[in-house]
> 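Quick one: this structure, given as structure tokens, is what I'll be asking you about.
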2 protein chains.
Amino acid sequence: MYVPCPSCPLRRKPAFRQKGEEEVAVINSMKSDHLTLEAGSEFIHPEQSDAELYTLFAGWAFRYKELGDGRRQILSFALPGDLIGLQASLFEKSFYGAIALTDIQLCVIPRRRMLRLFERMPEIAYDVTWLGARSEALVDENLLSVGRRGAGERIAALLCSLYKRAEPLGLVKEGVLELPLTQQHIADALGLSLVHTNKTLAKLRSQGLFTISGGHLVIRNLRGLSRFAQHFEEDLAPRPLI
Amino acid sequence: MYVPCPSCPLRRKPAFRQKGEEEVAVINSMKSDHLTLEAGSEFIHPEQSDAELYTLFAGWAFRYKELGDGRRQILSFALPGDLIGLQASLFEKSFYGAIALTDIQLCVIPRRRMLRLFERMPEIAYDVTWLGARSEALVDENLLSVGRRGAGERIAALLCSLYKRAEPLGLVKEGVLELPLTQQHIADALGLSLVHTNKTLAKLRSQGLFTISGGHLVIRNLRGLSRFAQHFEEDLAPRPLI
DNA sequence: CGCCTTTTTGAGAAATATCAATCGCAGTGG
DNA sequence: CCACTGCGATTGATATTTCTCAAAAAGGCG
């Protein structure tokens, strides 16, 4: 399957800034491939030296780092429209790995074309930089969580954040968000152990702020959950889609 | 005091990539000011809507975020040559604050000139993006620390990282690095309490891997400290200086 | 049904936080 | 010179949080 950028359904979502035809055409010309990968595939490897730049077209993924003895930290989750691999494609080697959480589709922008892209269309270069900055903002927020929020607050903040990001992508249907995270993923993202994550999650659920089962998340009171988590950031929108 | 980019002493350090005259001239033309600020000054405020882009010319600074009730997380430390404020200058408002740790000097690049910069010199735009990605990499590494390393490892990793970054800037003299961090800063950066930071630091010191007193850090065994911290990242060098 | 992954539970151990002083030292005013 | 003040470092005692280990329960799937 190959989706040409001008007819990309993502581009029409409210989450994204509408672009002119010419710009979309240039983006399309940069795109070298459209990949389909199974859940669990690692498409950027730690230490990999020739990673490409990707836009996640469909599905969920995450970036992670790990220590020598196997301890793993998830750095950020990626949703459709997110750019993945900017660092990895800019540097000589990647300092992180990226794995598909669900089956995914990726638009590929070859790293070699990056500089040419900067020369050819400065607006797009600006947008790439913007998206890189947004990616850092996501990690910043995560670091705040892991460093300063308690276990319950961390989980609440993560759910809020994902929900707020998923909504303008049209991923929330009738109040239900399909969340492909296992409790292990949540623990890995929040710097918690699996067991503690499970117990804390149970406690939160029992307070009635949200429901989560079988991969379906329903937030009964987003305002209240945000307040509990002290999570007050809205997702920046509209944003560019490369 | 005003330092024109072509005669910038920083630019000659081994940490930085040497640039052509023309490029340096353009950078110089972008620079609108050279500020001198006292230690403790906050030069980017959380929520600020019109932050400029800065290059730290001299001194140390840090970026931070905080929760409503005052809990504070330091996101990253900035050393000379580092770009600060890319997110803040790209977005409508800043999601973090930035404060001078020591007396500092900043080169100012007005946010308004950013897009023009992208049009005028794609190589520089590429470098800005590169520096933004490096900034994210620093936060990634911090998040790994806070999420997965124990207190001792966190401190060791932080010291290693700062030392490895300071060295190519010529800030390490006869094995001694002047470290302007208070234990409270270390605690804020690592997601630890002040008391625990103090006790852990004392324990580490007693193991003889390093010495730290009166703001002077001497690492006796960088290899050993790195191994203990499981910190194996070298600072990327050479890198662009904007 | 049997096998695998994920979730859940219980119990005890370890790490880290909090509270409350005290100490050391540099600057400051008398 | 000395008392006084303020900030950062240090210490001891105690309270919480979070982790680890071990095992059982619950689903999903061929």
Side-chain angles (χ1 to χ4, degrees), chain A residues 38-40 60 62 67 69-74 99-103 145-159 178-206 210-217 228-229, chain B residues 38-40 60 62 67 69-74 99 101-102 145-159 178-206 210-217 228-229:
Chain A
E38 282 185 5
W60 293 49
F62 64 88
L67 295 175
D69 59 9
R71 283 174 284 178
R72 178 171 86 163
Q73 176 67 38
I74 290 181
I99 295 181
L101 262 173
T102 62
D103 290 349
S145 264
V146 176
R148 291 297 167 209
R149 284 192 249 246
E153 295 169 318
R154 283 184 218 184
I155 293 178
L158 176 62
L159 295 181
E178 245 183 83
L179 203 66
L181 305 183
T182 167
Q183 293 186 359
Q184 183 69 64
H185 290 124
I186 297 177
D188 285 352
L190 300 180
L192 297 169
S193 72
L194 172 60
V195 174
H196 195 59
T197 299
N198 176 277
K199 288 173 177 166
T200 307
L201 202 42
K203 204 175 300 176
L204 284 180
R205 256 186 318 225
S206 76
F210 61 86
T211 281
I212 184 171
S213 78
H216 293 281
L217 169 68
F228 171 75
Chain B
E38 282 184 5
W60 293 50
F62 64 88
L67 295 176
D69 58 8
R71 283 174 284 177
R72 178 170 86 165
Q73 177 66 38
I74 289 181
I99 295 182
L101 261 173
T102 63
S145 265
V146 175
R148 291 298 165 205
R149 284 193 250 245
E153 295 169 319
R154 284 183 218 183
I155 293 177
L158 176 62
L159 296 181
E178 245 183 83
L179 204 64
L181 306 184
T182 174
Q183 293 186 358
Q184 183 69 65
H185 290 124
I186 298 177
D188 284 352
L190 299 180
L192 297 169
S193 71
L194 172 59
V195 174
H196 195 57
T197 299
N198 176 277
K199 288 172 178 166
T200 307
L201 201 41
K203 204 176 298 174
L204 285 180
R205 257 187 316 225
S206 76
F210 62 86
T211 279
I212 186 171
S213 77
H216 292 280
L217 169 69
F228 171 74

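Computation of the quantities below employed the complete heavy-atom set of this structure, encompassing side-chain atoms and omitting hydrogens, waters and symmetry-equivalent molecules. Since the model is a prediction, treat every value here as computed from it, not as a measurement.
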> To the nearest 0.5 Å, tell me how far B/R149 CZ sits from B/L190 CG.
10.0 Å
> Side-chain N or O of A/R205 versus OP1/OP2 of C/dT7: is the shortest distance under 4.0 Å?
no
> Specify the separation, in whole Å, of atom CG of A/L190 and atom C1' of D/dT17.
15 Å
> Could you report the tightest heavy-atom contact between B/I74 and B/A189, atom names first, then the distance?
CB-CA, 3.7 Å
> So which protein N/O to nucleotides 12-21 of chain C N/O distances come out below 3.5 Å?
{"from": "C/dT16", "atom 1": "OP1", "to": "B/A151", "atom 2": "N", "distance (Å)": "3.4"}
{"from": "C/dT16", "atom 1": "OP2", "to": "B/H196", "atom 2": "NE2", "distance (Å)": "3.4"}
{"from": "C/dA17", "atom 1": "OP1", "to": "B/G191", "atom 2": "O", "distance (Å)": "3.4"}
{"from": "C/dA17", "atom 1": "OP1", "to": "B/S193", "atom 2": "N", "distance (Å)": "3.3"}
{"from": "C/dA17", "atom 1": "OP2", "to": "B/S193", "atom 2": "N", "distance (Å)": "2.9"}
{"from": "C/dA17", "atom 1": "OP2", "to": "B/S193", "atom 2": "OG", "distance (Å)": "3.2"}

> Take atom CG of B/L181 and atom P of D/dC7, then tell me their distance rounded to the nearest Å.
19 Å
> Separation of A/I155 atom CD1 from C/dT7 atom P, in whole Å?
12 Å
> Between C1' on D/dT10 and CG on B/L201, what's the gap in Å once rounded to a whole number?
11 Å
> What's the closest nucleotide to the A/N198 side chain, out of C/dT6, D/dT11, C/dT8?
C/dT8
> Of all heavy-atom pairs between B/T102 and B/P180, which one has the smallest distance, and what is that distance?
CG2-CB, 3.3 Å
> Hey, what do you get for CG (B/L194) to OG1 (B/T182), rounding to the nearest 0.5 Å?
7.5 Å
> Taking B/S145's backbone N and O only, do any of them form a donor-acceptor pair with B/E153's side chain (distance below 3.5 Å, no angle check)?
no
> Classify every nucleotide of nucleotides 25-30 of chain D by which part a protein heavy atom approaches to under 4.0 Å, writing B for the base, S for the sugar-phosphate alone and - for neither, in 5'-to-3' order.
------
> In Å, rounded to the nearest 0.5 Å, how long is the span from NE2 of A/H196 to CD1 of A/I155?
7.5 Å
> Separation of A/D69 atom CG from D/dC19 atom P, in whole Å?
15 Å
> With a 4.0 Å cutoff (strictly under), does any side-chain N or O of B/T182 reach OP1 or OP2 of D/dA9?
yes
> To the nearest 0.5 Å, tell me how far B/R205 CZ sits from B/S213 OG.
8.0 Å
> Nearest 0.5 Å, please: how far is OG1 in B/T200 from CD in B/Q183?
10.0 Å
> Whole angstrom is fine here: how far is it from CD in B/Q184 over to C1' in D/dG6?
16 Å
> Within this structure, what is the CG-CG distance for the pair A/L179 and A/L159, rounded to the nearest 0.5 Å?
6.5 Å
> If I take atom CG in residue A/L179 and atom P in nucleotide C/dT7, what distance separates them, rounded to the nearest angstrom?
11 Å
> Tell me: NZ of B/K203 to P of D/dG12, nearest whole Å?
13 Å
